[in-house]
Amino acid sequence: MSRFWKPGTEKPRIIDDEEGGVLFYSASASSSSGYGFSSMEKQRQRLPVFKYRTAILYLVETRATTIIVGETGSGKTTQIPQYLKEAGWAEGGRMIACTQPRRLAVQAVASRVAEEMGVKLGEEVGYTIRFEDVTNNDLTRVKFLTDGVLLREMMDDPLLSKYSVIMVDEAHERSLSTDILLGLLKKIQRRRPELRLIISSATIEAKTMAAFFSTRRHRGPDNGPKKEPAILSVEGRGFSVQIFYVEAPIPDYLRAAVSTVLSIHDQEPMGDILVFLTGQDDIDAAVQLITEEAQSSRKQGLIVLPLYSGLPRADQDLIFSPTPRGKRKVVISTNIAETSLTLEGIVYVVDSGFSKQRFYNPGFDEHQSEITDIENLIVAPVSKASARQRTGRAGRIRPGKCYRLYTEEYFVKEMPAEGIPEMQRSNLVSCVIQLKALGIDNILGFDWPASPSPEALIRALEVLYSLGVLDDDAKLTSPAGFQVAEIPLDPMISKMVLASVEFGCSEEVITIAAVLSIQSVWFPGRGVQKELDEAKLRFAAAEGDHVTFLNVYKGFLESGKSSNWCHKNFVNYHAMKKVTEIRLQLRRIAQRLGIVLKSCESDMQAVRKAITAGFFANACRLEPFSHNGLYKTIRSSQEVYIHPSSVLFRVNPKWVVFHSIVSTDRQYMRNVISIDPSWLTEAAPHFYQRQLLNPNPSQV
DNA sequence: GAGCACTGC
């Protein structure tokens with residue numbers, strides 16, 4: 001392999017900070033390496049990361065793990081994989097991998113890199129995301145993929161042996177799959193000392209990450225790479241953003257945001273405004289208030305647009321249309337604009353300091369009044385890291401301004417430095433089964449970048465045990481456990497799919513599984529509620545929502561997958577296309593697993609039994625003499641109601657199972673199907689004892 | 001008769 005620093009040039013300078021074996025590297029100010037003359041090369045050399053090229057390659061060669069802290073615009077994501085390739089890390093049939101948390105980013109980065117390298121996408125440079133594998137086994141040397149896909153690859157190749165370097169990008173986001181991946185990569189490193197890791201993060205939290213990867217206690221052979229990770233900091237290329245705080249805490253961030261927008265419009269030069277609020281309700285209200293205020297005070301030139309993921313596609317696209325001359329665009333957004341979408345042309349950011357965050361309470365205390373074992377969405381303060389990210393959105397085209405709707409004292413003294421990793425805020429059922437499938441037996445002792453609570457892990461193990469996926473020794477059962485792990489769905493849905501074989505309705509249940517893994521089959525939008533309700537009635541099935549989905553899917557197929565048909569029936573065309581994609585993938589996996597694909601035609605009892613086999617833990621009984629539709633869960637007697645969007649709303653069958661709960665002032669069951677209670681004991685005799693089911697037989 | 005931050009396989 002070639003050497004990475006040029007012979008005769010100065011060796012990279014390394015400064016030891018004497019803390020935990022972590023090294024900081026400081027690049028010499030200029031880089032004189034004259035290489036490449038094309039304009040593409042010149043563009044590449046102008047990126048901030050370029051002057052660290054030698055340093056990065058030096059560290060990757062000498063260290064098992066290198067942590068790169070880089071702000072946006074540093075060029076690290078597109079350049080580092082190319083540096084590695086140029087330095088020979090993809091020689092001898094080996095590959096360089098670079099992971100991203102999101103599909104769109106994978107596609108965008110891969111095509112950019114292919115373009116810079118002057119190769120056809122899918123050959124030397126390729127990418128893999130769910131449903132799309134644009135790689136070539138013989139040719140691809142640099143591969144971009146989502147971290148979820150890399151995790152799946154580990155099921156076939158647990159040591160990821162074809163990769164010489166794996167770069168995990170956006171690690172600061174601490175997503176569930178990034179954290180699982182990091183934990184597993186650390187394990188792989190012990191077995192494969194030649195494997196190099198690059199962890200790329202936007203925040204200084206890098207030190208925590210370095211501590212995680214530091215393995216000085218287990219000294220390896222002296223000839224291998226040094227085990228202590230190095231941290232290298234690469235500056236970004238954003239413009240400066242001036243930050244303003246409120247002087248005293250404000251009671252109502254919605255109104256404060258509205259008035260801030262109006263005064264920016266009054267007093268500041270042209271430039272678009274991005275406002276971060278928490279959710280659809282706040283955003284729609286703010287859009288209306290700003291529009292009204294602007295009209296009543298005859299302010300001209302404001303284009304106010306909402307932005308959240310539930311918005312119809314066409315409305316989302318409005319955000320990207322260029323602002324007409326003399327106008328000012330105001331985008332009111334959830335934190336979708338913090339990471340997933342980048343808006344160009346933003347000069348002003350207004351940050352409420354809040355976002356909706358998922359929290360999970362595994363709930364073992366039976367006396368607590370709040371509902372447990374449910375993921376909840378709660379409005380909570382953001383972290384400093386998020387606040388900085390939001391601020392940075394104002395400095396992409398020229399120096400900008402950021403208005404924080406909280407005090408500087410709050411920011412400095414009270415705002416947490418980092419958000420809580422998703423691992424510590426989620427139900428871990430999927431996560432645990434993935435580790436089990438990779439042969440990690442001691443889940444409680446697994447070395448996580450951020451340990452989840454033992455309660456959450458135990459709860460996940462319990463659920464998997466009750467599904468028959470884990471045995472008494474907490475090992476995957478065969479074949480059910482291995483099959484459930486192989487199916488890329490929530491384990492309860494996967495179990496439902498497996499059970500459908502015995503009831504002869506796998507074709508129908510696979511459709512239901514696909515629908516349950518997307519947001520909604522219905523077209524979003526509150527303005528057309530009445531029409532949507534009427535449209536739903538055309539498909540409504542007495543059995544419940546799952547059978548209703550089958551009717552929608554059937555109609556969609558009979559229309560020839562027509563977008564026009566969807567439009568007429570208030571069905572979301574993009575969602576239905578995704579359903580057909582997921583369905584195809586599931587059919588392929590089912591065939592590989594030897595699952596018999598069979599339709600039960602109109603036998604909906606078979607379908608309901610299969611659903612019960614996966615979701616028996618979500619069984620509920622209507623309270624006797626209940627006049628307002630109060631149900632109680634069988635497992636823990638928690639009070640729940642059927643959501644008004646369900647076709648079973650006000651129908652209130654005696655026994656139901658639900659797919660999920662939305663928790664507001666009440667707990668609402670979403671996607672509900674009526675069942676016969678005897679199916680519960682058939683599906684999970686160990687879980688339901690007969691006496692629990694029939695405390696009062698006369699009322700059943 | 002009510003309300004869904006955001007990803008991903």
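Numbered from 1 within each chain, the chains take letters A, B, ... in sequence-line order.
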Starting at atom [atom1] of [X], determine the distance to atom [atom2] of [N], rounded to an integer number of angstrom.
X	N	atom1	atom2	result
A:D179	B:dT7	CG	P	19 Å
A:D665	B:dG3	CG	P	5 Å
A:E173	B:dG8	CD	C1'	12 Å
A:L104	B:dC6	CG	C1'	13 Å
A:Y360	B:dT7	OH	P	23 Å
A:E338	B:dA5	CD	P	15 Å
A:L176	B:dA5	CG	P	20 Å
A:R358	B:dG8	CZ	C1'	11 Å

TODO: Could you tell me which residues satisfy side chain to side chain donor-acceptor pair (under 3.5 Å) with A:H643, sequence neighbours excluded, listed by chain and number?
DONE: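 Side chain to side chain donor-acceptor pair (under 3.5 Å) check on A:H643 returns A:S645.
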Task: Residue whose closest nucleotide on DNA chain B lies nearer the 5' end, A:R425 versus A:Q434 - done: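 Looking at the nearest nucleotide for each, A:R425 comes out on the 5' side.
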Open item on the list: Taking the nucleotide of DNA chain B with the nearest heavy atom to each, does A:H643 or A:S340 sit closer to the 5' end?
Closed with: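 First, find each residue's nearest nucleotide; the 5'-ward one identifies A:H643.
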Name the closest nucleotide to the [X] side chain, picking from [options].
X	options	answer
A:F649	B:dA5, B:dG1, B:dC9	B:dG1
A:N335	B:dC4, B:dA5, B:dG1	B:dA5
A:T334	B:dA5, B:dT7, B:dC9	B:dA5

Open item on the list: Testing the 3.5 Å rule here: is there a donor-acceptor pair between the side chains of A:E375 and A:N427?
Closed with: no
TODO: Evaluate the ring pair (Phe, Tyr, Trp, His ring centres under 6.0 Å) criterion for residues A:Y573 and A:H567: first the C-alpha distance (whole Å), next the side-chain angles of each, then the deciding distance (0.1 Å), finally the verdict.
DONE: CA-CA 7 Å; A:Y573 176 66; A:H567 189 73; over 10 Å; no
Below 4.0 angstrom from OP1 or OP2 of [N], is there any side-chain N or O of [X]?
X	N	value
A:S645	B:dC4	no
A:S430	B:dC9	no
A:T664	B:dG3	yes

Task: From A:N335 atom CG to A:L341 atom CG, the distance as rounded to the nearest 0.5 Å - done: 11.0 Å
So [X], base contact, sugar-phosphate only, or nothing? Heavy-atom distance under 4.0 Å.
X	result
A:S175	nothing
A:I487	nothing
A:V149	sugar-phosphate
A:R103	sugar-phosphate
A:I336	sugar-phosphate
A:S309	sugar-phosphate
A:Y668	sugar-phosphate
A:R130	base
A:S355	nothing

TODO: Go through the structure and list residues passing ring pair (Phe, Tyr, Trp, His ring centres under 6.0 Å) with A:H172, not counting sequence neighbours.
DONE: none
TODO: Classify the side chain of A:D533 versus the base of B:dG1 as yes if they form a donor-acceptor pair under 3.5 Å and no if they do not.
DONE: yes
Open item on the list: Contact between A:L176 and A:M423 at the side-chain level, heavy atoms closer than 4.5 Å - yes or no?
Closed with: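 Touching, per the 4.5 Å side-chain cut-off.
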